[in-house]
Amino acid sequence: QVQLVESGGGLVQPGGSLRLSCVASGSGFNINAMGWYRQAPGKERELVAVSSRSGGINYADSVQGRFTISRDSAKNTVVLQMNSLKPEDTAVYYCHVRTIWSQYWGQGTQVTVSS
């Protein structure tokens, strides 16, 4: 099975930046895609960005131009660089991995954007 370890969350002022990292570990899996979702209080979990092994990248409309996702397939890591952060970006961010057999979620890391 796959275990995901997230890091980089925290408190930042509006307009600031954060870098989220996720490392997938385990054996016997074939990762097709890695990405990030987020969930704000009272809201449903939503896609932020995803990177597929084939090279496809998708962003939520609300983060396009501000967030950048990058993936190192050899190290099974995915990074989300978040710039120009807004209060509405406040949420728990979850790393997500899709394999040929299943999907996996990280524990989540809190991102709070506030002055």
Side-chain angles (χ1 to χ4, degrees):
Q1 295 189 358
V2 176
Q3 292 186 352
L4 306 177
V5 179
E6 302 143 321
S7 63
L11 175 65
V12 66
Q13 294 184 359
S17 299
L18 284 174
R19 181 178 181 270
L20 304 183
S21 297
C22 176
V23 180
S25 63
S27 62
F29 60 85
N30 187 353
I31 295 177
N32 297 128
M34 299 185 71
W36 293 90
Y37 288 69
R38 67 185 182 187
Q39 187 169 21
K43 303 290 186 179
E44 294 185 352
R45 191 171 299 185
E46 64 176 352
L47 172 71
V48 177
V50 62
S51 174
S52 67
R53 185 175 180 86
S54 63
I57 297 176
N58 291 322
Y59 293 98
D61 290 342
S62 60
V63 307
Q64 285 187 351
R66 299 187 297 120
F67 292 8
T68 302
I69 189 170
S70 60
R71 179 185 175 188
D72 186 337
S73 60
K75 297 181 178 180
N76 292 324
T77 62
V78 63
V79 171
L80 184 68
Q81 178 65 48
M82 304 185 294
N83 298 323
S84 302
L85 284 162
K86 305 174 181 179
E88 50 263 45
D89 294 318
T90 297
V92 177
Y93 284 69
Y94 297 90
C95 182
H96 177 259
V97 166
R98 179 164 56 85
T99 72
I100 193 170
W101 296 288
S102 188
Q103 61 178 340
Y104 302 88
W105 296 94
Q107 293 295 313
T109 183
Q110 178 70 49
V111 172
T112 302
V113 185
S114 176
S115 59

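Residues forming a ring-ring contact (aromatic ring centres under 6.0 Å, His included) with Y37 (at least two apart in sequence, or on another chain): H96, W105. Residues passing the side chain to side chain donor-acceptor pair (under 3.5 Å) test with S62, sequence neighbours excluded: R38. When the side chain to side chain donor-acceptor pair (under 3.5 Å) test is applied to Q3, no partner is found at least two apart in sequence or on another chain. Legend: residues meeting salt bridge (Lys or Arg N to Asp or Glu O under 4.0 Å) with R66, ordered by chain and number and at least two apart, are D89. In terms of the side chain to side chain contact (heavy atoms under 4.5 Å, CB included) criterion, residue partners of Q1 (sequence neighbours excluded) are, by chain and number, Y104.
In this structure a side-chain-to-backbone donor-acceptor pair under 3.5 Å is missing from N58 to V50. When atom types are taken as modelled, the side chain of E6 and the backbone of G108 share a donor-acceptor pair closer than 3.5 angstrom.
Placement of L80 and L47 in two distinct hydrophobic clusters is found when ILVMFWY residues are connected by side-chain heavy-atom separations under 4.5 Å, directly or transitively. Transitive grouping of hydrophobic side chains (ILVMFWY, heavy atoms separated by less than 4.5 Å) keeps F67 and Y94 in distinct clusters. V92 and V48 are not part of a single hydrophobic cluster, where members link through side-chain heavy atoms under 4.5 Å apart. Put simply, I57 and W36 are part of the same group of oily side chains (I, L, V, M, F, W, Y) that touch within less than 4.5 Å, one to the next.
The side-chain heavy atoms of L4 and V23, taken from C-beta on, include no pair separated by under 4.5 Å. Under the 4.5 Å side-chain criterion, counting only non-hydrogen atoms from C-beta, R53 is in contact with R71. Put simply, the side chain of T68 does not reach to within 4.5 Å of the side chain of M82, judged on heavy atoms. For the pair V2/W101, no side-chain contact is recorded, criterion being any heavy-atom separation below 4.5 Å from C-beta on. Counting heavy atoms from C-beta outward, L20 and V79 have side chains that stay 4.5 Å or more apart. The shortest distance between side-chain heavy atoms of V113 and Q13 does not fall below 4.5 Å. Between I31 and N76 the shortest side-chain heavy-atom distance falls below 4.5 Å. Within the 4.5 Å cutoff, the side chain of V97 has no heavy atoms near those of the Q103 side chain.
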* Derivation of the side-chain contact (heavy atoms from CB on, under 4.5 Å) call for C95 and V78 -> CA-CA 8 Å; C95 182; V78 63; 4.1 Å; yes
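For the atom pair OG (S51) and CG (D72), the distance works out to 10.5 Å, reported to the nearest 0.5 Å. Between S21 atom OG and Q81 atom CD the span is 9.0 Å, to the nearest 0.5 Å.
Side-chain contact, S54 with S52: a donor N or O sits under 3.5 Å from an acceptor N or O. Side chains of S17 and N83: a donor on one and an acceptor on the other come within 3.5 Å.
Shown here is E44, whose CD atom has no more than 12 heavy atoms of other residues, nucleotides or ligands within 6.0 Å. The 12-atom threshold is not exceeded at CD of Q107, counting heavy atoms of other residues, nucleotides or ligands nearer than 6.0 Å.
If you chain together ILVMFWY residues whose side-chain heavy atoms come under 4.5 Å of each other, V5 ends up in a group of its own.
The two residues L18 and G8 have their closest heavy-atom pair at CD2-O, 3.7 Å. The minimum heavy-atom distance linking A91 with A40 is given by the pair CB-N, 3.8 Å.
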